[in-house]
Engineer: 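I'd like to ask some things about the structure below.
Quick caveat: nothing in here was measured; it's all calculated off a predicted structure.
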Amino acid sequence: MNEWLDPLLLSRWQFGLTTIYHFLFVPLTIGLVTTVAIFQTAWYRTNKAMYLQLTHFFGKIFLINFAMGVVTGIVQEFQFGMNWSDYSRFVGDVFGAPLAFEGITAFFLEATFIGLWIFGWDKLPKGLHLATIWLTTVGSIASAYFIIAANAFMQNPVAYQINEEKGRAELTSIGELLTNPIALAAFPHTIFACFMVSAGLIISVAAWHLSRNQHLETMRPALKFGLWMMVISGALTTLMGDQLSLAMVAAQPMKMAAAEAMYNTATGAEASFSIFTLGTPDGVSELFSVRIPYLLSFLSTHTFDGTVEGINNLQEQYVQLYGPGDYAPIIWVTYWSFRWMIGLGIAHILVAVAGLWFTRKGRSPKTWMWKIAIWSFPMSLLAMSVGWVFTEMGRQPWLVFGLLKTADGVSPNVSGLEILISLIAFTLLYGALAVVEFRLILKAVQKGPDDAPAPDPVSGEIKHTTTVY
């Protein structure tokens with residue numbers, strides 16, 4: 001019973017659950033605000049009613065999602081002080097800087113202009129109103145960068161010095177912190193993945209309506225846009241993921257070794273990519289695997305004769321560097337989350353490519369094809385989520401790689417019972433919020449776009465009108 005009330009275990013579960021829950025809203029917000037800005041720009045330039053309809057339609061979904069993201073994001077900040085106070089004391093001087101930038105600049109920019117966009121439809125000039133949604137987009141993406149920069153310090157600590165007297169890390173260069181190689185590689189990979197999530201939503205919604213022959217004049221172009229967005233952003237996500245893997249190997253070789261269940265150092269053909277691996281129960285050796293020769297070498301070093309360090313070899317090195325302990329993450333979690341991320345990513349890119357083929361020249365796919373397309377959004381959101389699980393679980397047992405272990409960051413004066421009560425409360429609250437969010441979005445999706453506004457009888461212009469979301 002006592003092990004179930006372990007403050008460290010419960011704190012990790014609570015932070016993991018609340019983070020994943022919050023993260024469900026983040027990529028869709030970033031992707032959708034960009035999508036809405038593009039649709040509104042198309043309306044501004046062409047004066048076509050369908051683009052205004054799509055702007056209002058996906059704008060409503062964006063706002064529902066944005067509100068939930070803000071509410072759940074606030075909880076994340078509180079947990080640093082409540083459950084992880086030793087972590088906050090140790091890295092607060094460094095970690096707090098990008099979070100302050102995110103709150104004071106990016107979030108306020110985002111919050112200000114999203115308000116102007118919501119209430120300015122019949123009050124601002126057409127071009128100025130368009131600028132507000134683009135500034136909201138800039139704020140959202142900038143906010144993501146500062147959060148990624150903060151997380152990158154946990155993956156690859158830079159721009160700090162240890163104050164031995166105070167027992168904490170202190171910031172030495174904000175510029176070096178914000179240009180952390182991990183942040184520079186992770187940012188484009190993450191943003192393009194957000195676009196994939198948005199594209200997945202557009203494809204799913206359009207496929208649902210088109211399978212019922214509803215809103216054809218808006219959903220056909222929306223589907224085409226979503227399919228192309230998925231293919232292009234998917235290709236860019238893959239390219240940026242390759243760069244991130246190189247940075248990851250340089251900063252955290254154990255994460256790549258665990259992602260491949262590579263127990264012993266290998267070179268060339270021996271450094272193979274594992275499609276499937278079974279390991280021993282103690283997690284120190286391999287029983288059976290299916291591998292592609294040379295591929296891991298190429299992914300890790302961009303050469304076919306490169307060397308990839310193994311889990312056991314790195315364990316020996318880390319014991320010498322950091323003292324006794326187990327420095328490997330949970331192998332099966334890291335291994336399978338990496339594969340689910342890649343597999344799901346490839347799957348919904350292929351769905352998009354197939355969709356472009358089967359809808360070419362105005363053709364209409366068969367019923368079973370629509371049913372597959374409707375799963376694009378769940379697949380893209382799941383791929384994004386397991387990618388985040390891989391990023392964080394692969395860093396274990398470290399909170400800040402090489403500086404602070406997860407076990408040393410938990411709050412010393414918070415009991416397991418207190419954390420368990422808050423964990424149950426958050427789970428129930430978030431469950432209720434999930435039901436509300438799902439029903440609101442489902443209602444908006446099923447209703448579809450509003451009817452096209454009538455053009456001005458004199459100028460023929462499709463005018464923006466007061467919109468209540």
Side-chain angles (χ1 to χ4, degrees), residues 8-9 12 87 90-91 151-158 160 162 164 169 180-182 185 244-339 389-410:
L8 173 61
L9 176 66
R12 292 185 66 183
Y87 165 77
F90 183 75
V91 302
N151 182 266
F153 178 79
M154 299 168 68
Q155 311 289 340
N156 179 42
V158 298
Y160 74 96
I162 300 296
E164 298 292 347
N180 189 325
I182 294 294
L244 179 58
S245 69
L246 294 177
M248 181 182 70
V249 169
Q252 297 180 62
M254 180 65 86
K255 183 183 288 187
M256 176 58 86
E260 292 304 324
M262 178 70 69
Y263 290 93
N264 299 302
T265 299
T267 302
E270 296 296 321
S272 53
F273 182 88
S274 166
I275 297 176
F276 179 82
T277 294
L278 287 177
T280 56
D282 59 7
V284 298
S285 62
E286 175 186 303
L287 292 174
F288 172 79
S289 67
V290 178
R291 294 180 173 273
I292 302 175
Y294 297 103
L295 184 55
L296 180 59
S297 171
F298 181 78
L299 293 175
S300 301
T301 67
H302 277 192
T303 65
F304 288 106
D305 58 354
T307 297
V308 180
E309 294 182 279
I311 296 169
N312 296 335
N313 307 84
L314 289 166
Q315 170 66 21
E316 294 175 1
Q317 295 176 30
Y318 290 170
V319 167
Q320 294 178 358
L321 280 173
Y322 307 117
D326 184 1
Y327 294 97
I330 301 175
I331 304 300
W332 71 268
V333 173
T334 311
Y335 179 89
W336 286 112
S337 60
F338 187 59
R339 270 143 194 79
V389 169
F390 166 72
T391 298
E392 296 305 295
M393 290 297 290
R395 190 186 63 244
Q396 299 303 317
W398 299 103
L399 261 180
V400 182
F401 185 78
L403 295 181
L404 182 70
K405 289 185 177 180
T406 303
D408 298 327
V410 71

Engineer: Please lay out, stage by stage, how Ile331 and Tyr263 fare under the test side-chain contact (heavy atoms from CB on, under 4.5 Å).
Structural biologist: CA-CA 10 Å; Ile331 304 300; Tyr263 290 93; 4.0 Å; yes
Engineer: Please report the shortest heavy-atom distance between Ala259 and Phe390, naming the atom on each side.
Structural biologist: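 That would be CB-CE1, 3.5 Å.
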Engineer: Sequence neighbours excluded, which residues qualify as side chain to side chain contact (heavy atoms under 4.5 Å, CB included) partners of Thr391?
Structural biologist: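 Only Asn151, Gln155, Lys255 meet the side chain to side chain contact (heavy atoms under 4.5 Å, CB included) criterion with Thr391.
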Engineer: Of all residues at least two apart in sequence or in a different chain, which pass the salt bridge (charged side-chain N to carboxylate O under 4.0 Å, His left out) check with Arg339?
Structural biologist: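 Applying salt bridge (charged side-chain N to carboxylate O under 4.0 Å, His left out) to Arg339 gives Glu260.
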Engineer: The criterion is side chain to side chain contact (heavy atoms under 4.5 Å, CB included); which residues satisfy it with Ala247, sequence neighbours excluded?
Structural biologist: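 In terms of side chain to side chain contact (heavy atoms under 4.5 Å, CB included), with neighbours along the sequence ignored, Ala247 is linked to Ile182, Ala185.
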Engineer: Atom CG of Leu404 and atom CG of Leu399: how far apart are they, to the nearest 0.5 Å?
Structural biologist: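 It is 5.5 Å, given to the nearest 0.5 Å.
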Engineer: Any side-chain heavy atom of Phe90 sitting closer than 4.5 Å to one from Ile162?
Structural biologist: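 Answer yes - side chains close enough.
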Engineer: Could you tell me whether the side chain of Asn180 and the main chain of Asn156 form a donor-acceptor pair under 3.5 Å?
Structural biologist: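 Indeed, once roles are kept as given, a pair shorter than 3.5 Å links the two residues.
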Engineer: How long is the straight-line distance from CH2 of Trp398 back to OH of Tyr318, given to the nearest 0.5 Å?
Structural biologist: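 CH2 of Trp398 is found 9.0 Å from OH of Tyr318.
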Engineer: Does Phe304 have any ring pair (Phe, Tyr, Trp, His ring centres under 6.0 Å) partners at least two apart in sequence or in another chain, and if so, which?
Structural biologist: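 So Phe304 forms a ring pair (Phe, Tyr, Trp, His ring centres under 6.0 Å) with Phe298.
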Engineer: Going from CG on Leu321 to CG on Leu314, what distance comes out if it is rounded to the nearest 0.5 angstrom?
Structural biologist: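 Between atom CG of Leu321 and atom CG of Leu314 there are 10.5 Å.
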Engineer: Just jot down the side chain to side chain donor-acceptor pair (under 3.5 Å) partners of Thr303, sequence neighbours excluded, or say none.
Structural biologist: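 Counting only residues at least two positions away or on another chain, Thr303 forms a side chain to side chain donor-acceptor pair (under 3.5 Å) with Thr301, Asp305.
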Engineer: I need the minimum non-hydrogen distance between Pro157 and Phe401, along with the two atoms involved.
Structural biologist: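 Taking Pro157 first and Phe401 second, the nearest heavy atoms are CG-O, 3.2 Å.
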Engineer: Listed by chain and number, what are the side chain to side chain donor-acceptor pair (under 3.5 Å) partners of Gln317, not counting sequence neighbours?
Structural biologist: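 Only Glu309 meet the side chain to side chain donor-acceptor pair (under 3.5 Å) criterion with Gln317.
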Engineer: Is there side-chain contact between Met254 and Ile311, with at least one heavy-atom pair below 4.5 Å?
Structural biologist: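 SC-SC contact between Met254 and Ile311 confirmed.
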Engineer: Can you list everything that forms a side chain to side chain contact (heavy atoms under 4.5 Å, CB included) with Ile330? Sequence neighbours excluded, please.
Structural biologist: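 Here the qualifying residues are Trp332, Val333, Met393.
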Engineer: Between Lys405 and Tyr327, is there a side-chain heavy-atom distance shorter than 4.5 Å?
Structural biologist: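 Yes, side chains in contact.
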Engineer: Does Glu392 have any salt bridge (charged side-chain N to carboxylate O under 4.0 Å, His left out) partners at least two apart in sequence or in another chain, and if so, which?
Structural biologist: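 Scan of Glu392 (salt bridge (charged side-chain N to carboxylate O under 4.0 Å, His left out), adjacent residues dropped) gives Arg395.
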Engineer: What's the shortest heavy-atom distance between Ala169 and Tyr160, and which atoms?
Structural biologist: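 Looking at all heavy atoms of both residues, the shortest contact is CB-CD1, 4.2 Å.
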Engineer: Got a sec, which residues hit side chain to side chain donor-acceptor pair (under 3.5 Å) with Thr265, two or more places apart in sequence or on another chain?
Structural biologist: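 Thr265: side chain to side chain donor-acceptor pair (under 3.5 Å) contacts with Asn313.
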Engineer: Applying side chain to side chain donor-acceptor pair (under 3.5 Å), name anything that partners Ser245, two or more places apart in sequence or on another chain.
Structural biologist: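 Here no residue qualifies.
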Engineer: Which atom names give the shortest non-hydrogen contact between Tyr322 and Gly402, and what distance separates them?
Structural biologist: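 So the two residues come closest at CE2-O, 3.7 Å.
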Engineer: With sequence neighbours left out, write down each residue that passes side chain to side chain contact (heavy atoms under 4.5 Å, CB included) with Val91, or none if nothing qualifies.
Structural biologist: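 In terms of side chain to side chain contact (heavy atoms under 4.5 Å, CB included), with neighbours along the sequence ignored, Val91 is linked to Tyr87, Phe95, Phe153, Val400.
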Engineer: Please check if the side chain of Thr307 supplies one atom and the backbone of Thr267 the other of a donor-acceptor pair under 3.5 Å.
Structural biologist: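 Between the backbone of Thr267 and the side chain of Thr307 there is no qualifying donor-acceptor contact (under 3.5 Å).
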Engineer: Looking at Ser297, is its backbone amide N or carbonyl O close enough to the side chain of Ser300 to form a donor-acceptor pair, meaning the two atoms are under 3.5 Å apart?
Structural biologist: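 Flag not set: sc Ser300 to bb Ser297 has no pair under 3.5 Å.
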